[in-house]
Visitor: 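Just passing along the structure, written as structure tokens.
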Amino acid sequence: MSQLNVTTLNQQFAIPGQLEFTEDVSGLVLACIANKQAKSTISLQGAHVMSFEPVGEKPVIWLSPAAKLAPGKSIRGGVPICWPWFGAHATDSTFPSHGFARTVPWQVVASEALPDGSTRITFELPQSSIPSAQWPHACRVRNVVTIGKEMTVELITENTGQTMFEIGEALHTYFAISDVDQIRITGLEGCAYLDKVGDWQRKTQSGAITIAAEVDRLYVDTDSDCLIDDSGQKRSIRIAKRGSRSTVVWNPWVEKAAKMGDFGSDTGYRGMVCVESVNAAENVIKVAAGATHSLHVTYSIE
Ligand code: TA6
């Protein structure tokens, strides 16, 4: 049975007053959550959180006004899932950057109204969505999203095969900010990073991160929380991760954003910053046969 039948999804997984499924004009199927604590929209394609807005707060997650919703196309903004590799594929440049998981259909396998008033929905990557030429391993992959005053996203990789496999991954999260010159990012002081803008040179972070040009840094061997202090919005966004040893901080700045063409206006890049919870470079994850790995992140406002 096709999971993309909205009627079937609502019969099986809708929660009155909290969760319903709709089909967007683009043909993408969306899970729409609205409970007493927050609202969120999640595309079944890529199990891709597109929005998260706690009641009484401005949106936490940024989605480009020019995001092109189309089957098979990555969505600019939200929480893209990069899996089973991060960035360019190690050996085959014809394979999609950041893996295939974010542009293929996922299925809904569970929905729950939790006692604390939050709503949980579980997505699974069906074998039929996995291109065996790119990923010839037996696995079970789930993305568990919980929407309440806080949002948690847990990407779970189970090795159901007979041999170890290695994954790179990320919750490549775009955050809505007042303006890029109003923020500083803390939590990575003293960490080593690979500077993509500087030919991947290895450097060390000194002090808080501020942004006044393109920034694209892969911080390694860090499991620290990060805080986006936004003086313009008089709030901080906390990113608290488990099962991730890398963090990427990215803002494309004006030229790169213009080249990408889906950041909206020519100043669209000023309203966003990515702080991504990652396992990449020396932090890629070896998943032994029969083992399960979890990348878990909680997003909250302070
Ligand atoms: O995580 C930062 C990054 O790797 C940047 O180098 C840039 O490529 C960004 O991801 C967006 O990639 P995408 O494939 O979504 O356009």
Side-chain angles (χ1 to χ4, degrees), residues 28 43 45-50 61-90 92-104 131 134 153 155 167-177 180 183 185 187-188 191 193-203 205 209 211 213-220 222 226 228 239 241 244-264 268-284 295 297 299:
L28 293 187
S43 166
Q45 174 174 284
H48 189 133
V49 175
M50 297 166 62
I61 297 297
W62 180 86
L63 185 72
S64 170
K68 300 178 183 70
L69 299 191
K73 173 112 185 70
S74 60
I75 300 169
R76 180 67 63 203
V79 185
I81 291 176
C82 304
W83 189 94
W85 61 83
F86 181 81
H89 185 269
D92 191 324
S93 61
T94 67
F95 290 178
S97 173
H98 290 328
F100 52 79
R102 62 177 172 166
T103 54
V104 296
Q134 298 181 28
V153 182
L155 180 60
I167 58 168
E169 60 182 350
L171 295 176
H172 189 300
T173 308
Y174 290 72
F175 294 96
I177 56 176
V180 71
I183 65 161
I185 297 164
L188 295 166
C191 290
Y193 67 91
L194 304 175
D195 184 1
K196 185 171 181 180
V197 174
D199 295 329
W200 292 113
Q201 286 173 49
R202 197 175 184 89
K203 300 177 181 176
Q205 181 59 40
I209 299 165
I211 297 173
E214 182 184 356
V215 168
D216 196 342
R217 301 175 186 172
L218 172 60
Y219 292 84
V220 292
T222 171
C226 286
I228 303 170
I239 300 107
K241 62 176 192 175
S244 158
R245 292 285 294 149
S246 321
T247 294
V248 167
V249 175
W250 177 58
N251 184 288
W253 210 249
V254 57
E255 290 82 11
K256 179 70 74 68
K259 254 188 236 149
M260 289 179 151
D262 54 3
F263 273 78
Y269 73 94
R270 300 195 64 90
M272 55 69 65
V273 67
C274 283
V275 177
E276 305 160 37
S277 303
V278 183
N279 285 301
E282 55 247 57
N283 299 137
V284 293
L295 166 54
V297 189
Y299 304 97

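In listed order, ligands and their atoms are each counted from 1. Just so we're clear, the structure is a prediction, and the values are computed from it rather than from any experiment.
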Visitor: Does a side-chain N-to-carboxylate-O contact under 4.0 Å join E282 and R202?
Guide: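 A salt bridge is present here (some side-chain N lies under 4.0 Å from a carboxylate O).
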
Visitor: For ligand 1, which atoms, with element, lie under 4.0 Å from some heavy atom of V248?
Guide: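 What qualifies from ligand 1 is 1 (O).
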
Visitor: Mind telling me whether H98 and F86 have parallel, tilted or perpendicular rings, with 30° and 60° as the class edges?
Guide: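 F86 vs H98 ring planes: tilted.
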
Visitor: Using a 3.5 Å cut-off on N or O atoms only, is W250 in polar contact with ligand 1?
Guide: no

Visitor: Do Q205 and Y219 pass the side-chain hydrogen bond (donor to acceptor under 3.5 Å, both in side chains) test, and can you show the C-alpha distance, the side-chain angles, and the key distance before you say yes or no?
Guide: CA-CA 9 Å; Q205 181 59 40; Y219 292 84; 2.6 Å; yes

Visitor: Go through V275 and I228 one step at a time and tell me if the side-chain contact (heavy atoms from CB on, under 4.5 Å) criterion holds.
Guide: CA-CA 9 Å; V275 177; I228 303 170; 3.8 Å; yes

Visitor: Should you measure from each heavy atom of E276, which atoms of ligand 1 turn up under 4.0 Å away?
Guide: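 Listed by number with element, the hits are 1 (O), 2 (C).
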
Visitor: Between F175 and Y299, is the ring centroid distance below 6.0 Å?
Guide: yes

Visitor: As an exercise, identify every atom of ligand 1 less than 4.0 angstrom from a heavy atom of F86.
Guide: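 Answer for ligand 1: 1 (O).
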
Visitor: Could you check whether the rings of W62 and Y174 sit parallel, tilted or perpendicular, using 30° and 60° as the cut-offs?
Guide: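 Judged by the thresholds at 30° and 60°, the geometry between W62 and Y174 is parallel.
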
Visitor: For the 3.5 Å polar cut-off, considering only N or O atoms, please tell me whether D216 and ligand 1 meet it.
Guide: yes

Visitor: Counting both backbone and side chain atoms, is some N or O of R102 under 3.5 Å from an N or O of ligand 1?
Guide: yes

Visitor: Considering non-hydrogen atoms of the protein only, which is the closest contact for atom 3 (C) of ligand 1, and what is the distance?
Guide: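 Ranked first by proximity to atom 3 (C) of ligand 1 is H98 NE2, 3.8 Å.
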
Visitor: Looking only at protein heavy atoms, which one is nearest to atom 16 (O) of ligand 1, and what is the separation?
Guide: R76 NH2, 3.0 Å

